[in-house]
Amino acid sequence: MSANKTMSTDFPFRDFMNGDPDETKRGEGFALSTLMEKITGKLPVMWGPGIVGFAIFYYVYTTAREGHMPLTGFSSRKQKFTLNITSGFNSFDDLLKNLGNYLIDNHECTSNP
């Protein structure tokens, strides 16, 4: 089985956000980070070159593939942010609709956060 491509890194979150040429997006990224830090109680960690993660989620798919990913986080895309939230938020469907477009990717897995 191949190793996960997305792994945590030591690259500083501040350097990542400060590298965005769009001043508005930089401010939004720092504000989003502050909000997620407050919610999770964890500092941001870079995962791969573009995912900002908070807390760690251990997963095991029914196929036996396992690994670690951020419990929650975001990616700064060219025009917008992508929010990443682990499963278990189905009871918040009405709140998710207020975010705009969203996709729920339901992989069959067990978890041990």
Side-chain angles (χ1 to χ4, degrees):
M1 189 173 316
S2 64
N4 290 339
K5 293 179 183 176
T6 305
M7 306 290 288
S8 62
T9 72
D10 292 330
F11 191 76
F13 161 72
R14 288 200 164 281
D15 291 354
F16 169 72
M17 280 314 311
N18 283 328
D20 194 316
D22 185 327
E23 185 177 343
T24 300
K25 274 191 56 210
R26 280 195 311 269
E28 291 171 346
F30 284 118
L32 190 52
S33 174
T34 299
L35 178 65
M36 289 189 167
E37 283 180 46
K38 184 176 179 181
I39 291 168
T40 65
K42 303 291 183 182
L43 294 173
V45 172
M46 293 302 302
W47 287 74
I51 298 172
V52 181
F54 299 84
I56 296 176
F57 175 76
Y58 172 76
Y59 64 88
V60 180
Y61 289 132
T62 55
T63 61
R65 183 180 180 98
E66 62 184 337
H68 293 90
M69 287 299 291
L71 182 63
T72 190
F74 65 91
S75 300
S76 180
R77 302 293 187 210
K78 189 172 186 174
Q79 294 181 337
K80 301 177 182 181
F81 289 96
T82 298
L83 302 180
N84 304 308
I85 305 170
T86 59
S87 62
F89 289 90
N90 293 340
S91 63
F92 298 105
D93 285 340
D94 290 338
L95 293 173
L96 289 173
K97 289 176 186 172
N98 290 330
L99 289 175
N101 295 334
Y102 70 94
L103 168 71
I104 297 178
D105 187 4
N106 289 320
H107 290 286
E108 290 185 36
C109 67
T110 58
S111 61
N112 182 10

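Just so you know, these numbers come straight off a predicted model, no measurement behind them.
In terms of the side-chain hydrogen bond (donor to acceptor under 3.5 Å, both in side chains) criterion, residue partners of S76 (sequence neighbours excluded) are, by chain and number, D20, K25. Checked against side chain to side chain contact (heavy atoms under 4.5 Å, CB included), D10 has no partners two or more places apart in sequence or in another chain. For D22, there are no salt bridge (charged side-chain N to carboxylate O under 4.0 Å, His left out) partners at least two apart in sequence or on another chain. With sequence neighbours excluded, the residues satisfying ring pair (Phe, Tyr, Trp, His ring centres under 6.0 Å) with F30 are F13.
Residues R65 and V60 are not in side-chain contact: their nearest non-hydrogen atoms beyond the backbone lie 4.5 Å or more apart. Between T82 and F74 the shortest side-chain heavy-atom distance does not fall below 4.5 Å. By the 4.5 Å heavy-atom criterion applied to side chains, F57 and H68 are not counted as neighbours. Contact annotation: the side chain of M46 approaches that of V52 to within less than 4.5 Å [non-hydrogen atoms, C-beta and beyond]. Inter-residue side-chain proximity for L71 and I56 is flagged as unmet; no heavy-atom pair is nearer than 4.5 Å.
When all heavy atoms are compared, the tightest approach of T6 to G48 is CG2-N, 4.3 Å. In plain terms, the two heavy atoms of S33 and P44 that are nearest each other are OG-CG, 3.7 Å.
Note on L43 and M17: separate hydrophobic clusters, where clusters join Ile, Leu, Val, Met, Phe, Trp and Tyr whose side-chain heavy atoms are under 4.5 Å apart, directly or indirectly. By the rule that hydrophobic residues join a cluster once side-chain heavy atoms approach within less than 4.5 Å of another member, F16 and L83 end up as members of one cluster. Taken together through direct or relayed side-chain contacts under 4.5 Å among Ile, Leu, Val, Met, Phe, Trp and Tyr, L35 and V45 form parts of separate hydrophobic clusters.
Among residue pairs with one or both ends in residues 38-48, none qualify as side-chain hydrogen bond (donor to acceptor under 3.5 Å, both in side chains); sequence neighbours excluded. The salt bridge (charged side-chain N to carboxylate O under 4.0 Å, His left out) pairs that include a residue from residues 73-85 number zero, where partners must be two or more places apart or lie in different chains.
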Do E28 and T24 pass the side-chain hydrogen bond (donor to acceptor under 3.5 Å, both in side chains) test, and can you show the C-alpha distance, the side-chain angles, and the key distance before you say yes or no? CA-CA 6 Å; E28 291 171 346; T24 300; over 6 Å; no
